[in-house]
Amino acid sequence: MADELTFAPLGGVGEIGMNLSIYGLGNRHQRSWLAVDLGVSFGDEEHLPGIDLIMPDVSFLEKERQNLVGLVLTHAHEDHFGAIIDLWPRLRCPIYATKFSAALFEAKCAAERNPPKIPVTVVPSGGRIDVGPFNVEFIPVAHSIPESHALAIHTEIGTVLHTGDWKIDPTPIIGPPTDERRLRELGDAGLLALVGDSTNAVREGRSPSETEVAKTIAELMRAAKGRVAVTTFASNVARIKAVADAARAAEREIVVVGRAMARVVQVARETGYLDGVQDFRSPEFYGHFPPNRVVALCTGSQGEPRAALARIANDDHPEITLNKGDCVIFSSRTIPGNEKAVGAIINGLVTQGVEVITDRTHLVHVSGHPRCDELRDMLAWTRPQLLIPVHGEALHLSEHARLARAAGVPKVLTCRNGDLVKLGPGTPGIIDQLPTGRLYKDGAILEDAKSRAVVERRRMGFAGCVFVALAMTEKGELADDPEIDLVGIPEKNTAGEAFDDIVFDVVVSTVDGLPRQRRRDPDALAESVRRAVRSSINEYWGKKPLCLVHVLEV
């Protein structure tokens with residue numbers, strides 16, 4: 001059977017985050033697999049209470065572990081490498097990354113309590129490596145973190161360009177611009193397929209440059225009279241440098257607030273990306289400087305409740321305070337789903353009399369992803385035979401596909417997580433479905449989507465819980481009054497009757513009304529009481545709580 005080159009997203013398609021793509025080379029009975037990125041998305045307290053992170057289900061790769069030749073990282077954002085520590089022990093494959101990504105991953109591991117020892121092979125930017133039957137080339141692209149790369153995956157069947165996250169920025173603050181020359185060369189040599197970032201496919205024009213953001217931040221800092229705090233994504237080293245340069249010009253000291261920010265600053269210094277930038281101070285020095293001589297560089301741009309900015313907004317940070325006349329610059333965009341949390345922080349700051357500046361009124365943030373004109377440039381440079389939009393929700397994927405068709409790409413194919421796509425030889429198309437899903441990180445434990453803890457916690461958050469304990473004699477009679485505890489349920493119904501009394505009466509009457517033989521069966525008794533309690537509360541409240549019944553035989 002002839003070999004074919006295949007592609008499948010196991011995360012990151014139909015959603016933004018949790019990126020995991022795999023490429024297969026071989027026939028239907030035996031393939032070598034190359035994984036690209038292994039990221040997370042973040043839990044939503046409203047729908048997934050207590051869930052910190054969401055990760056792709058790697059059960060397919062676990063079964064194919066002997067054929068998994070490696071994991072290659074495009075860059076070190078959490079949605080592209082944040083799941084490695086938790087999931088690599090299930091895969092145990094070689095990992096390949098450039099220097100900054102490897103160093104940031106090492107620092108991330110060092111911050112864990114008991115991290116597994118995960119070796120990473122460092123690849124030079126612009127380098128090429130053989131990973132099994134794949135030859136992988138790291139092509140520098142501009143993005144909002146150092147050393148972002150598109151991957152040209154060369155095989156005997158053809159070359160695929162996996163863009164990763166990218167934009168066209170002719171004047172980046174850190175790192176080289178997107179390598180147009182090399183991308184044009186790929187197009188000239190013939191490109192089988194392009195698997196491309198769709199995040200900003202709904203936005204016309206071009207993303208502004210980081211240099212323009214740096215100018216705005218410098219102007220705002222020069223004009224500020226009091227303290228200035230800047231919050232941004234911790235991984236955006238170019239933005240950190242822009243803030244540092246603006247502070248130095250305004251004769252202000254930088255104080256770094258937040259562990260994630262301090263970790264990135266340390267790695268950026270170790271890898272040379274902050275060479276020539278002044279030393280930063282730790283939070284205990286903040287109060288030593290006059291208000292017009294300090295800048296706090298903070299984590300918490302997405303409203304994270306434990307991050308520095310949330311604590312400052314609540315006025316409960318041990319070292320950092322802001323007062324009337326001070327200024328906070330949100331040098332970031334709010335990720336969809338975080339609007340409420342960010343809004344609460346902004347309102348807390350405004351209530352304290354702090355001026356809040358966002359990208360709504362000033363150019364204090366630019367995206368690291370390509371808008372429509374940049375997408376058209378990429379297609380014109382590389383001239384792929386096939387485009388597969390990834391890294392976006394359904395609307396983003398659809399708009400990227402529409403743009404590609406209008407640009408004359410011969411074949412455009414949209415897919416979903418789990419679709420196995422034949423790229424070549426011959427006509428491309430979806431040929432199979434691979435198992436896919438989500439894993440939830442619940443504290444230190446990984447749970448699958450059907451986990452009882454996840455499902456019940458969601459239900460309990462909506463409708464509360466009733467705990468009933470029954471002590472029964474051998475004759476099937478109550479040995480004592482039932483013990484009842486109600487959690488998350490109103491105290492009284494609309495008639496003013498206490499729910500504790502209602503439930504107590506229902507439990508007793510249910511037990512009394514059962515045949516003696518059924519009362520002697522603990523499981524049957526518990527189920528009868530559970531049903532009766534839920535039905536009764538629903539009658540008065542309109543919601544059915546969880547009900548846990550424990551039967552003790554005495």
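- Without hydrogens or angle criteria, R371 side chain to N200 main chain gives no donor-acceptor distance under 3.5 Å.
- Formation of a donor-acceptor pair under 3.5 Å by the T178 side chain with backbone atoms of A142 is found in this model.
- Take E64 and apply the side chain to side chain contact (heavy atoms under 4.5 Å, CB included) test, not counting sequence neighbours, and it matches W33, F60, N67.
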Exercise for review: Evaluate the criterion side chain to side chain contact (heavy atoms under 4.5 Å, CB included) for residue pair S148 and W166; output intermediate values, then yes/no.
Suggested key: CA-CA 7 Å; S148 294; W166 67 282; over 6 Å; no
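- Across all their heavy atoms, A234 and I240 have their closest contact at O-CD1, 3.5 Å.
- Counting only heavy atoms from C-beta outward, the side chains of S209 and D169 approach each other to under 4.5 Å.
- A donor-acceptor pair is defined here as one N or O able to donate and one able to accept, closer than 3.5 Å; no such pair exists between the side chain of R90 and the backbone of V58.
- The closest side-chain heavy-atom distance from D373 to E204 is below 4.5 Å.
- Judged by distance alone, the side chain of N417 and the main-chain N or O of V13 form a donor-acceptor pair under 3.5 Å.
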Check your understanding: Under the side chain to side chain donor-acceptor pair (under 3.5 Å) criterion, do R203 and H369 qualify, and how do the steps go?
Key -> CA-CA 10 Å; R203 304 187 68 182; H369 300 272; over 6 Å; no
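- Between the side chain of K167 and the main chain of S367, a donor-acceptor pair closer than 3.5 Å is present.
- Between L423 and I157 the shortest side-chain heavy-atom distance does not fall below 4.5 Å.
- Taking the six-membered ring for Trp and thresholds of 30 and 60 degrees, F7 and Y23 have ring planes inclined between 30 and 60 degrees apart.
- Side-chain contact, T74 with H162: no donor N or O sits under 3.5 Å from an acceptor N or O.
- With hydrogens and angles ignored, the 3.5 Å screen pairs no side-chain donor or acceptor of K411 with any backbone N or O of A193.
- In this structure, V120 and Y96 have side chains that are not in contact, with every pair of non-hydrogen atoms separated by 4.5 Å or more.
- Aromatic ring centres of H400 and H391: separated by at least 6.0 Å.
- Proximity of a side-chain donor or acceptor of N19 to a complementary backbone N or O of D79 within less than 3.5 Å is detected.
- For the pair P389 and R402, the minimum side-chain heavy-atom distance is 4.5 Å or more.
- You'll find the ring centres of F100 and Y273 inside the 6.0 Å limit.
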